[in-house]
Structures are given as structure tokens and as C-alpha cells.
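Accompanying notes for the structure given below.
Quantities reported herein were computed from a predicted structural model and do not represent experimental measurements. Here is how names work: the chains are called A, B, and so on, in the same order as the sequence lines, proteins then strands, and each is numbered from 1.
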Amino acid sequence: MAKITTREKDYSQWYIDIVLNAKLADYAPVRGCMVIRPNGYAIWEKMHQALDGMFKETGHVNAYFPLFIPESFMKKEAEHVEGFSPECAVVTHGGGKELEEKLYVRPTSETIIWSMYKKWIQSYRDLPLLYNQWANVVRWEMRTRLFLRTTEFLWQEGHTAHETYDEAEVEALKMIRVYQKFAEEYMAVPVIVGKKSDSEKFAGALHTYCIEAMMQDNKALQAGTSHHLGQNFAKAFEVTYQDRTGQQQFVYATSWGVSTRLIGALIMAHSDDQGLVVPPKLAPTHVVIIPIFKSDEEKKAVCDAAYQIKSEISSQGFRVNVDDRDQFKPGWKFNEYELLGVPLRIEIGPRDLAAGVCTLARRDSGEKTTLPLTEVSSRISGLLDDIQSGLFLRAKARMESHIFNADTYAELEDIVKNEKGFSRSHWCGSPECEAKIKDATKATIRCIPLDEPDESGECVVCKKPSVKRVLFSKAY
RNA sequence: CGGGGUGUAGCGCAGCCUGGUUAGCGCGCCUGCCUUGGGAGCAGGAGGCCCCGAGUUCGAAUCUCGGCACCCCGACCA
């Protein structure tokens, strides 16, 4: 079993060590691509399941659109094509022949979806259209990192069509709040909800909302986005509807997505130098039970007790695994399951059995306690809740203590250049001032927070008036 | 695309400078014994186009030239 590089020594290597050693993913034969292994995919399945439920609750339905997009579609929306063409994979041959029209492997599906919406939307009675799809997409990035940025990744993309600007706006905001809820309640990752500056928004959107999380190296990670696309795609694909007064109108659109990048966020938010830490709500296994024994008689007695506990806990809906393999010693298993991030571990050996107790260890704190066997099953639910909320509160406290109000350029520079955290600073709104900071410090405006009050001040760069503080940070 | 690094057993590496037995070591794997409360021990065993291609040489993992791949760090991006 390999040792994990400590965060202090090399944060980037620590992350890679966690991903590889916890068997979440592995490098694939193709540059920039990865294989998501069962341990990693199980987390994605949990995310998928929870998010899908939340989408259904908000009235969305799933559909599936093709992987291949005709080149002409990509070129219909000017900003969109400009934003994406450099990172697109293009198919030029099929069936042994050169294609008449090249096919783009989808980097996102707005164009192909809106080409279909044109067929399906005629009247205001057809609206709103609230579709989502779970799919893979390809973006030919120059530099890749497991989960955080790979050439191909899995995501979901919602694509909705509405009668009015206001309706689309409500939808875009609603979905960013769904993402916030998912990040905070399921991933236990606190986020800042905000709006992107023009230079950071999606190619083809009127504006973009996002959730930004802080990683343990104090850099920002965009964990989800929701775009108000206005009538841009409706105009490009001539999607009109007859409104309630009989007039033809262009449809308003939104799109929103989260990807397997969330797994990267999860890892970097909670894990430690022992390995992965997974919040109970997304943990593929909630509890692992390690029987400890020498003789066959001991093995039988201890395993009987272990399986008894397992059945009590599983019947409450928790996922439990008994590891009774005898080729590994208990100490080895302790380390193994800590590496894998299982939230709770129960150790039970002959001494415990004699005393009618077992030992229970928490992954989040490392704390070990002794519990009567009769009480174990009734304690699990509460403990898992405690771990879930504890992880969130710990991450939230950490984030809040690393956001600083910087009122001068020098302060901002110190914070972002030295990666001390986020700098909450006044900005006049001009792209020039934004670019100056980026050029000098590599930090960008992560977002203009939605939930923070207006406050008058002066731009840290040009001293012109500002109405609100925005967040600056280096980002993944 | 720049900078750096690596390619030898499943994984991690040594050997290369100074060419020459049967290419080694640790971990893992298989068999057996012994062990099991924080990564045990002993014995035996399996496993190699030494990244690819040319060259130099009696002889190349090792020297020369050319290629390829991957990783890390920077510029583009979710």
C-alpha cells in the first residue's frame, strides 16, 4: 500500500495520490482521459441519484440527444462557436469515407437541442420545456487533471425554454439554488452563490450564475453553473412561438450543469493525509465492520456478531460491509478503509464480545469509542448525521476564515498571490480593471455574490465608485 | 505550445556513466506454515519484446541518432 504525499509537502501530488490509491480513477491510454473506477463511479451514482431527484421535483424530465453535432450547428451562434471551437474534437471520417459535413463531438448540447426545440415549439402552450440530459462531453483541454479537468467527462445539462425573460431568469436562479442545496446538504461543501463577470460567463449567455467552493489549498473551484441564455439560441435556430396575443416571439432559454468535477471538489474539500473522506450522504459504504480473531472458534463467534450487527444496521437502510477476509490483519484493514473514506468503522474482537461491546471509529475525527452491542444499531443514524453536519460546519468555518475584505490593491495582491484565500474587494465593473488584476496576480473574479449586501466603496484598481464587493481568487 | 521529468515484472525502483554470467531489489501475487486489537514473520514459487526504430560493436537495458508515449509545472478552460 502506497503512502500518500502530505498536503503540506505537495498539495497537487496529494490529490493525485488520493484519487489513485483510493481507486477512484486511473489514467486511460488516451492522453487527458481517465477511467472512473467502481469506487469513484459509486460516488457519481450517488450524486446522480440525488440530483436527478431534485430535478424531477422541480418539474424537469430527462431526454437524450446525440453525441455528434453537425458543424453548421456549432457555427450558428457566433459567441458560442468562438468560445468552443478551439477545444472541440471533430469527426471527419465515417464508414471509411470522408464526411460531407464534419461532425463535432459535443462540448455541450445547446445547438443540437435547440435545433430540435424548433420542431417541438409552436405555441405558448408548448412552454415551458424543462429538459435535462445525463451525458458525456468532450473538450480538448491543453492541461488535464483527474476529475477536475479531463478531455471527456460526465455531466448533466439542463436545457429549458420559456415564454419570457423573467421566467427564464427565475429558472436560472432556481437551478443555481438547487446546486447550492446539493453541494451543501449532500457534499457538505459550503459554496458562494454568485454571478459571473462578463469575461467569465458562458459563451452565448446573457449572464451566468455559479457556485464557487474553496479547496483546502485556498483556491476556488467552480462547482456548478446556470446560464440565462436570453433569446440568443432561439434566434440562431429560429425557435419562435405564438404568444397569448397571437404574436410570434422568440423563446427564452436557460442551461445549467454540473459534472464529475464535483468528485474532485469533494475530495479536496474534506480529505486528509490518511486518505479520502466522504460525507455519509454520498458514501457508497456507510459502515465497515472489521472482525478480529485468531482461532476458528473466535472467527465464528466474532463473525456471527458482526453479521448480526450488519443486518440490524442494513435494515435501517444503511450500506454496510463486513470485511472478514483473513489474508489481511486488522491493522491493515483499518488503514485501508481510512484510505477509502468509509465514514464509520466498527471493530469487534473476542475481548469486545466477552464484554458485550464493540469499538467504533469515526473517519472524520479519528475518534474511537466503545459501545454496548445492544446500542450499536440505534446509534448509527445519529452518528452519520453528526459526521455529515460536522463536515459541513468544519468546511464552512474554514472557508469563512479564509475570506478577507481587502480594501486596497496591495492587500488583494497579498491574499490572492500568496493563496491565503478569497479577497472580497470593491470593483468598478470594468473589464480593464478585472484584466489588470488577472495579469498581475493570476486571480480572477470568481463571482459577484448574490447573498451579500450592496456596499459603496471604491474600486481597488481605479478608485472609481463601486456598489458591491466581489470575490477574487486563483481558481482551478 | 514552452519548461522539467519519466519510460526495465502488476506497482515503485536499481542497474546505464565505464557494453560482457542466467537483468536485480522492495511491495504485491501464488503455495504452505505461523499469525491477527493500527499496515506481521519464515520458507518455497510464478511473473520481463529492459517504450519503439535504425545504427556502432564479436556482443547493447547500457553507447549514437531518430521517433513515440505519459506525468508534473506554466499560458486556454467546467
Side-chain angles (χ1 to χ4, degrees), chain A residues 1-5 10-13 15-17 20-21 23 26-34 82-88 107-108 137-157 179 196 199-203 208 210-213 220-227 255-265 274-275 290-296 298-299 302 323-339 345-355 357-359 361 366 368 370 438-439 442 444 446 474-476:
Chain A
M1 191 57 53
K3 292 280 180 289
I4 290 172
T5 306
D10 185 343
Y11 189 83
S12 182
Q13 189 59 46
Y15 175 79
I16 293 162
D17 286 352
L20 297 179
N21 287 303
K23 300 186 174 68
D26 203 352
Y27 294 104
V30 180
R31 193 184 81 87
C33 292
M34 68 171 174
E82 194 186 327
F84 278 107
S85 59
E87 48 184 291
C88 283
T108 179
V137 286
V138 167
R139 295 182 190 177
W140 219 263
E141 303 290 351
M142 296 184 198
R143 185 148 126 58
T144 58
R145 278 162 75 88
L146 293 166
F147 287 116
L148 299 174
R149 180 167 298 106
T150 45
T151 298
E152 180 189 9
F153 56 95
L154 305 182
W155 78 345
Q156 68 49 228
E157 45 181 326
Y179 290 153
K196 286 293 184 191
S199 69
E200 296 281 328
K201 76 177 169 65
F202 176 73
T208 292
C210 62
I211 52 172
E212 294 285 329
L221 187 136
Q222 179 174 308
T225 52
S226 176
H227 317 289
S255 69
W256 29 272
V258 295
S259 71
T260 37
R261 169 179 250 208
L262 290 179
I263 296 173
Q274 264 61 255
I290 314 280
I292 298 159
F293 49 82
K294 291 190 179 119
S295 63
D296 283 352
E298 276 180 359
K299 179 174 180 179
V302 162
D323 187 346
D324 58 6
R325 293 178 295 175
D326 50 16
Q327 71 263 42
F328 298 112
K329 294 178 62 174
W332 188 92
K333 292 179 187 176
F334 298 165
N335 285 290
E336 177 73 359
Y337 289 101
E338 280 164 12
L339 173 61
R345 179 179 72 237
I346 295 174
E347 309 166 13
I348 178 159
R351 294 208 299 267
D352 296 306
L353 216 50
V357 300
C358 64
T359 303
K368 276 193 182 191
T370 303
K438 185 175 179 181
D439 291 345
K442 300 200 169 94
T444 50
R446 298 320 303 155
K474 285 193 194 172
Y476 276 95

### Message
I'd like to know whether CH2 of Trp155(A) has more than 12 heavy-atom contacts from other residues, nucleotides or ligands below 6.0 angstrom.
### Response
yes

### Message
Could you check whether atom NZ of Lys294(A) has more than 12 heavy atoms from other residues, nucleotides or ligands sitting under 6.0 Å from it?
### Response
no

#### Entry: Carboxylate-amine/guanidinium contact Glu212(A) Lys196(A), below 4.0 Å
yes

Might you point out which heavy atoms bring [X] and [Y] nearest each other, and give the distance in Å?
| X | Y | answer |
| --- | --- | --- |
| Gly32(A) | Thr144(A) | CA-OG1, 3.5 Å |
| Glu347(A) | Asp352(A) | O-OD2, 3.7 Å |
| Tyr179(A) | Thr225(A) | CE1-O, 3.4 Å |

Provide the distance between the two [atom1] atoms, one in [N] and one in [M], to the nearest whole Å.
| N | M | atom1 | answer |
| --- | --- | --- | --- |
| rC1(B) | rG39(B) | C1' | 44 Å |
| rC50(B) | rC11(B) | P | 15 Å |
| rA14(B) | rC27(B) | C1' | 15 Å |
| rU8(B) | rC49(B) | P | 11 Å |
| rA75(B) | rG2(B) | C1' | 9 Å |
| rG28(B) | rU22(B) | C1' | 24 Å |
| rU62(B) | rC17(B) | P | 9 Å |
| rU6(B) | rC51(B) | P | 14 Å |

### Query
Can the positive tip of Arg345(A) be found less than 6.0 Å from the middle of the six-membered ring of Phe334(A), inside 45° of the ring normal?
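Positive - Arg345(A) is close enough to the ring of Phe334(A) and near enough to its axis.
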
#### Entry: Test side chain to side chain contact (heavy atoms under 4.5 Å, CB included) applied to Phe153(A) and Met34(A), step by step
CA-CA 9 Å; Phe153(A) 56 95; Met34(A) 68 171 174; 6.0 Å; no

### Summary
Between Gln327(A) and Leu146(A), the residue closer to the 5' end of RNA chain B by nearest nucleotide is Gln327(A)

### Message
Quick check: on RNA chain B, is the nucleotide nearest Cys33(A) upstream (toward 5') of the one nearest Lys368(A), or the reverse? Name the residue that is more 5'.
### Response
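Nearest nucleotide further toward 5': that of Lys368(A).
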
### Message
By nearest atom, which of the nucleotides rG39(B), rG38(B), rU36(B) is closest to the Phe293(A) side chain?
### Response
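Nearest to the side chain of Phe293(A) among the choices is rU36(B).
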
### Task
Consider the side chain of Tyr27(A), meaning its heavy atoms from C-beta on, and name the nucleotide among rG38(B), rC71(B), rG37(B) that approaches it most closely.
rC71(B)

Interatomic distance, [X] [atom1] vs [N] [atom2] [rounded to whole Å]:
| X | N | atom1 | atom2 | answer |
| --- | --- | --- | --- | --- |
| Asp323(A) | rG39(B) | CG | C1' | 14 Å |
| Lys329(A) | rG38(B) | NZ | C1' | 9 Å |
| Asn21(A) | rG39(B) | CG | P | 18 Å |
| Arg325(A) | rG28(B) | CZ | C1' | 14 Å |
| Tyr337(A) | rG39(B) | OH | C1' | 14 Å |
| Phe334(A) | rA40(B) | CZ | P | 11 Å |
| Phe328(A) | rG38(B) | CZ | C1' | 15 Å |
| Asp326(A) | rG32(B) | CG | P | 12 Å |

### Intermediate values then yes/no, side chain to side chain contact (heavy atoms under 4.5 Å, CB included), Gln222(A) and Arg446(A)
CA-CA 8 Å; Gln222(A) 179 174 308; Arg446(A) 298 320 303 155; 3.9 Å; yes

#### Entry: Ile290(A) backbone acceptor or donor facing Lys333(A) side chain under 3.5 Å
no

### Base rG38(B) to side chain Glu338(A), donor-acceptor N/O within 3.5 Å cut-off
yes

### Query
In which ranges does RNA chain B form stems of 3 or more consecutive Watson-Crick or G-U pairs, distances under 3.5 Å?
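Expected stems, ordered by start: B:1-7 with B:68-74, B:10-13 with B:24-27, B:29-33 with B:41-45, B:51-55 with B:63-67.
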
### Straight-line distance of Phe147(A) CZ to Arg261(A) CZ, nearest 0.5 Å
13.0 Å

#### Entry: Protein-to-nucleotide contact annotation, 5' to 3' order, nucleotides 73-78 of chain B [B base; S sugar-phosphate only; - none; under 4.0 Å, heavy atom]
SBBBBB

